[in-house]
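Only a predicted model underlies this, so the values are computations on that prediction, with no experimental measurement involved. In each ligand, atom 1 is the first atom listed, and ligand 1 is the first ligand listed.
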Amino acid sequence: MEEGGVASWRNRAAKLFPGGVNSPVRAYRAVGGDAPIMVRGEGSNVWDADGNRYIDYVGAFGPLILGHADPTVTRAINAAVAAGGPFGATAPGEVRLAEMIRSRMPSIERMRFVNSGTEAAMSALRVARAATGRDLVIKFDGGYHGHADSLLVEAGSGAATLSIPGSAGVAAPVAAQTLVAEYNSVDSVSSLFSSNRSQIAAVIVEPVAANMGVVPPVRDFLSGLRGLCDQNGALLIFDEVITGFRVAPGGAQELFGVRPDMTVLGKIIGGGLPVGAYGGRADLLDLVAPAGNVYQAGTLSGHPVVMAAGEATLAQLGPELYATLEHNGEKLAEGLKSLGYNVARAGSLLTVFFRDRLPVNFREAKRCDVEEFAGFFHRLRAAGVLIPPSQFEAWFVSAAHDDAAIEATLQAAASA
Ligand code: KE4
């Protein structure tokens with residue numbers, strides 16, 4: 001066990017990192033209370049530095065579809081580490097993992113590995129601008145695609161369609177290149193295309209929104225985006241960093257039968273190690289250096305250990321695994337509903353929303369009672385169940401959450 005308890009580690013971290021964390025959501029600002037210090041994970045459980053065990057629905061925010069410390073993934077990582085590298089050169093693991101991805105997502109004819117979802121999303125937008133010669137892109141209010149400047153924007157006020165910076169440090173002219181539409185509203189996208197004719201390079205969308213809480217696409221939303229992009233000469237980019245290989249073997253694009261021009265991936269394809277990838281039509285990816293003139297590079301892109309973890313993960317994602325994920329997700333969601341909670345679910349992703357009706361967009365999601373959510377969060381935590389510390393995140397159910405874990409979760413929720 002690491003030396004020192006939670007308080008000691010938290011104090012040391014507070015002196016080193018902004019807010020004491022290496023990613024904001026971990027600081028628990030949305031729910032209050034003391035952020036945890038985790039030291040071990042196994043299956044569906046995590047332990048903090050004081051030895052407290054939790055049933056974990058954070059799952060590192062998505063990568064751990066098999067649960068913590070999957071033995072096969074761990075063995076693959078250990079073997080890859082022992083083999084040396086990275087090499088600053090292509091290695092077989094990149095080829096094997098890319099072939100696995102392409103076999104499951106045929107829209108990804110060619111791809112490039114990077115080291116985070118952020119890198120993947122910003123690179124895909126760069127390709128889209130190069131391919132179309134246009135500068136503007138459309139994202140959705142409540143959609144999150146990493147922290148690249150052009151994606152940290154908020155909807156302009158009122159009629160103004162130009163966005164304003166969503167973070168300090170984002171230059172206004174950069175923010176103005178991104179237009180913000182309303183999720184599940186094809187009309188809001190259509191009007192942006194009409195008022196910005198021939199200027200929009202791409203629409204980037206989470207095919208199942210998971211960063212406003214889980215908000216599935218309404219009928220004809222995704223196909224409507226496909227049609228608008230085709231009519232207006234723009235590219236459709238699916239951000240499948242969360243949904244990829246989770247909501248179906250071929251991701252949301254298989255589940256909903258809509259083929260994007262490019263796809264952004266992350267999380268699961270790295271088996272818990274730092275990864276991202278963007279890919280799609282061959283003619284688009286061949287614009288990327290050194291094949292083309294869109295520059296993008298990365299010292300550790302395609303890292304052999306990351307590729308081995310991703311390969312060992314995807315290799316286990318077969319029909320039985322998806323049946324288990326669906327069983328686990330459904331059992332948990334139906335159990336929570338029977339306790340009176342309002343639950344949105346997409347496979348093994350779910351969110352308990354504290355409002356009378358399930359939201360269909362971020363404007364509605366923001367009307368949730370976040371105070372009530374915070375109370376629910378802390379009562380579950382006290383009962384040994386850890387969910388993401390924000391109303392606007394998804395619970396990540398893994399294949400390792402067996403019936404006992406789910407029943408214990410429901411017992412905790414019954415009195416939360
Ligand atoms: P990363 O750069 O964090 O690897 O990926 C960014 C990203 C891109 N696209 C989608 C749909 C995402 O959900 C993310 C990152 N997800 C958040 C959780 N909602 C990561 C958690 C965090 O920021 O610490």
Checklist entry - ligand 1 and Arg26, any nitrogen or oxygen pair closer than 3.5 angstrom? => result no
Checklist entry - Would you call Glu326 and Arg345 a salt bridge, using N to O less than 4.0 angstrom? => result yes
Checklist outcome for this item: atom 3 (O) of ligand 1: closest protein heavy atom, distance to 0.1 Å, is Thr118 OG1, 4.6 Å
Checklist entry - Charged N to carboxylate O under 4.0 angstrom, Glu109 versus Arg259? => result yes
Next on the checklist: Any carboxylate oxygen within less than 4.0 angstrom of a Lys/Arg side-chain nitrogen, looking at Arg363 and Glu182?
Outcome noted: yes
Item to check | Option nearest atom 7 (C) of ligand 1 (shortest heavy-atom distance, choices Pro24, Pro63, Ser116, Gly146) | outcome: Gly146
Checklist entry - With the threshold set at 4.0 Å, does a side-chain nitrogen-carboxylate oxygen contact exist between Arg226 and Asp261? => result yes
Item to check | Contacting atoms of ligand 1, where contact means under 4.0 angstrom from a heavy atom of Ile242 | outcome: 13 (O)
Checklist entry - What's the shortest distance from atom 4 (O) of ligand 1 to any protein heavy atom, and which residue and atom give it? => result Gly117 N, 3.0 Å
Checklist entry - Among Asn211, Thr118, Asp239, whose side-chain hydrogen bond (donor to acceptor under 3.5 Å, both in side chains) with His145 holds? => result Asp239
Checklist entry - What protein heavy atom sits nearest atom 24 (O) of ligand 1, and how far off is it? => result Ser23 OG, 2.6 Å
Checklist entry - atom 13 (O) of ligand 1: which of Val241, Val275, Asn211, Val114 has the nearest heavy atom? => result Asn211
Item to check | For ligand 1, the portion of Asp239 having any non-hydrogen atom under 4.0 Å away | outcome: side chain
Checklist entry - Are Lys337 and Glu334 close enough for a salt bridge, meaning some N to O gap below 4.0 Å? => result yes
Item to check | Nearest neighbour in protein (non-hydrogen) for atom 18 (C) of ligand 1 | outcome: Glu393 OE1, 3.5 Å
Checklist entry - Glu206 heavy atoms, cut-off 4.0 Å: which ligand 1 atoms fall inside? => result 11 (C)
Checklist entry - What part of His147, side chain, backbone, both or neither, has a heavy atom within less than 4.0 angstrom of ligand 1? => result neither
Next on the checklist: For His303 together with Phe113, are the ring centres under 6.0 Å from each other?
Outcome noted: no
Next on the checklist: Does Phe221 form a ring-ring contact (aromatic ring centres under 6.0 Å, His included) with Phe256? I'd like the steps, not just the answer.
Outcome noted: CA-CA 10 Å; Phe221 174 59; Phe256 297 105; 10.0 Å; no
Checklist entry - Which protein heavy atom lies closest to atom 10 (C) of ligand 1, and at what distance to 0.1 Å? => result Tyr144 O, 3.3 Å
Checklist entry - What do you reckon, does His145 have a nitrogen or oxygen under 3.5 Å from a nitrogen or oxygen of ligand 1? => result no
Item to check | Pair Glu94 + Arg96, salt bridge at N-O below 4.0 Å | outcome: no
Checklist entry - Backbone or side chain, does any N or O of Lys267 fall under 3.5 Å from an N or O of ligand 1? => result yes
